[in-house]
Amino acid sequence: MLGPLLLTVDGSDVTPHGQRPRDVLAVLLLHRRHGLSAEALLDAVWARDASPTSALSVAPVHTVVARLRRTLGSGVIERSHGAYRLTPDLVTDVDAFTALVDEGGRSARGGEPRQAAGAYRAALALWRSDEAYAGVSDHLVSAERARLAESRWAAVDGLVSALLELGSPTDLIEALDRAQEDLHAHPLRERSPELAMRAAYALGRQADALEIYRDLARRLRTELGVDPGPAIAELHRRILEHDPELRVPDAPPASQVPRIRLRATRLPVPESPTIGREDEVRAVLAALAAGHRLVTLVGPGGVGKTRLLAEVGRALAGSTELAYLDLSGLAGIATEPTTTTTTTVGAGDGAGVDVEELAEAGARAVGAGIGGHSSALSALATFLAGSHTLVLVDEAEWLVASTSALLGTLLTRCPAMRFVVTSRVPLELVSERLVRVDPWPARRRTPRPTRSRQRRPCGCWSSGCWTRRPISSSGASTGRCSRGSRARSTGCRWRSSWWPGGCRT
């Protein structure tokens, strides 16, 4: 439930299609501790859309439940004493998330920040998107969504607090990243900027910590008309005064600070409709349906590959597990995108970012432990071996060689994972399927047709007249032109074709 509603049986995705089946399944999940009668399901799912005068029948409930049983298996939904309920053997990610958050809290209170950070990190890794029960009608799950969102915020706060307590450069950088990511998602929360300020100051970045406070104060005054709370205001004062209790470690050696930081972010949502790229979206979806596990959208910069990738993600949302990864910039390491697949992006000191650095950043992003493995790439591949995620990788041209090596290994060792990549150049992997994204052709202006001023056979000068009946030149006979007016052989002297009554003789 921590993302788009997803149900698997023996590793196979059996999530029901259609709004009513998903809603019924969600209601049963919310009340899985006890059963619900058909009347209760009818009132929860159908009553909102029914007219006040219509009489509801429980027949649709039984029909939808029967469809769910055929899809999920007869043992998933049980009926006892006139009530439907899910089998007690059902395992949910919400239960696992709650257990891990409780474990993290116990470890933190017991003075074990390393164990607390691991539990919180594993709990957050269960979320597949920012919204629980995605795809389910809002009125059915709004309260549960809010509760789970609060639990997620608490897990982020607990993880950042544990990392701050650990205090190593790597832990502090992860703490700052996590706090800033939560701050961007929920800009009016004060706990996230408070933790971000502590992490920035602990890294010796006082200016960044003060800028975080200024941004928060500006948002609160603009949107709510209030000032920051006393806790974060007190922290701001202590940072200004260089309070000795706010520990600032010595500058860490460069070898201890990761050069690149990588984390999955929310799939960008275009602000306007995408027009004219239906063929490319269909080509990507067809390639994935045909079994291709690596599809690369190739085209020049600015052609709209990122927007197209977002449209692919929107088309697949709810039907598969998605992750989005943006490789542009990589925290300031990459400076110029590659133009060929034989070079890597140079770092600020001129050294390239190799596949091990990229794999290490990916392992930190998903919470994979590197200890006990021969390399970070091996650790990441082992951690993701059973994953069914479809990863949307944006702007791979920044690290083509490293990205190609990383995806090549993951495609080999993670047989259920798939990738859709945007890049200016191909990754040149054997399994790669290319979809070209070309610029739109320049729009040519079509010249406006000129109105003919030639005399018509009826003698009318009007361009709106289409009659071809000849008129006698003797002047004695007259005819009627198509404009509805009498026309003489001398012709119509009123030349406007827009006169309401047609031509005038």
Side-chain angles (χ1 to χ4, degrees), residues 101-121 123-124 130 146-252 256-258 261 263 265 331-332 364:
V101 171
D102 292 341
E103 178 185 345
R106 288 193 299 270
S107 298
R109 291 189 295 271
E112 299 176 334
R114 181 65 65 188
Q115 288 76 4
Y120 285 129
R121 196 182 285 114
L124 293 171
D130 291 339
R147 185 188 72 81
L148 291 173
E150 290 286 348
S151 297
R152 188 184 187 189
W153 295 342
V156 173
D157 295 345
L159 173 59
V160 175
S161 298
L163 293 171
L164 287 174
E165 189 172 349
L166 290 172
S168 71
T170 302
D171 292 326
L172 292 176
I173 290 174
E174 182 182 356
L176 181 59
D177 284 346
R178 294 275 188 174
Q180 287 184 324
E181 182 178 359
D182 193 53
L183 173 60
H184 294 155
H186 311 95
L188 298 180
R189 284 190 73 220
E190 294 193 20
R191 181 59 176 165
S192 296
E194 179 182 348
L195 293 172
M197 290 170 64
R198 290 182 179 274
Y201 188 71
L203 285 168
R205 296 161 57 177
Q206 181 187 21
D208 291 344
L210 297 176
E211 183 63 26
I212 293 172
Y213 179 83
R214 284 192 294 268
D215 289 342
L216 174 66
R218 183 166 52 251
R219 284 193 302 269
L220 291 176
R221 290 165 187 161
T222 301
E223 300 187 26
L224 302 179
V226 299
D227 292 325
I232 195 169
E234 175 65 16
L235 176 62
H236 178 249
R237 182 193 62 81
R238 294 173 62 189
I239 291 176
L240 287 173
E241 297 176 355
H242 294 278
D243 191 330
E245 294 184 6
L246 296 175
R247 181 174 58 89
V248 181
D250 296 333
Q256 296 184 20
V257 180
R261 301 191 298 276
R263 63 176 182 272
T265 58
R364 288 195 304 270

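Values in this document were obtained by computation on a predicted structure and should not be read as measured data. Position 1 is the first residue of the sequence, and the numbers go up from there. The figures that follow rest on heavy atoms only: side chains count, while hydrogens, waters and symmetry mates do not.
Taking both residues in full, the closest heavy atoms of Ala179 and Val160 are given as N-CG2, 4.0 Å, listed atom of the first, atom of the second, then distance. Heavy atoms only, all atoms of each residue included: Ser161 and Arg191 are closest at OG-NH2, 3.5 Å. Across all non-hydrogen atoms, the minimal contact from Leu216 to Arg189 is CD1-O, 4.3 Å. Residues Gly167 and Leu172 share a closest heavy-atom pair of O-CD1, 3.5 Å. The minimum heavy-atom distance between Gly104 and Ala116, with the atom names listed, is O-CB, 3.5 Å. Here the shortest heavy-atom pairing between Ala123 and Val101 reads CB-CG2, 4.0 Å.
With values rounded to the nearest 0.5 angstrom, Arg178 atom CZ is found 8.0 Å from Leu163 atom CG. A distance of 6.0 Å separates CG of Leu188 from CG of Leu220, quoted to the nearest 0.5 Å. The structure places NE2 of His186 at 4.5 Å from CH2 of Trp153, a figure rounded to the nearest 0.5 Å. Atom CG of Asp243 and atom CZ of Arg237 lie 7.0 Å apart (nearest 0.5 Å). Between the CG atom in Leu159 and the CZ atom in Arg121 there is a gap of 5.5 Å [rounded to 0.5 Å]. Expressed to the nearest 0.5 Å, how far CG of Leu224 lies from CZ of Arg219 amounts to 10.5 Å.
Between Glu211 and Arg214, at least one side-chain nitrogen of the basic residue sits less than 4.0 Å from a carboxylate oxygen of the acidic one, meeting the salt-bridge criterion. Using a cutoff of 4.0 Å between basic side-chain nitrogens and carboxylate oxygens, Arg152 and Asp130 are scored as salt-bridged. A salt bridge does not link Glu234 with Arg238: every distance from a Lys NZ or Arg NE/NH1/NH2 to an Asp or Glu carboxylate oxygen is 4.0 Å or more.
Ring geometry for His242 against Tyr201 counts as tilted: the plane angle lies between 30° and 60°, on a 0 to 90° scale.
Glu194 contributes no side-chain N or O that, together with a main-chain N or O of Ala231, makes up a donor-acceptor pair within less than 3.5 Å.
Side chains of Asp215 and Arg218 form a contact here, defined as non-hydrogen atoms less than 4.5 Å apart.
When each of Ile239, Leu203, Leu235, Leu176 is tested with Arg198 by the rule side-chain contact (heavy atoms from CB on, under 4.5 Å), just one qualifies, namely Leu235.
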Steps toward side-chain contact (heavy atoms from CB on, under 4.5 Å) verdict (Leu195, Val156): CA-CA 10 Å; Leu195 293 172; Val156 173; over 6 Å; no
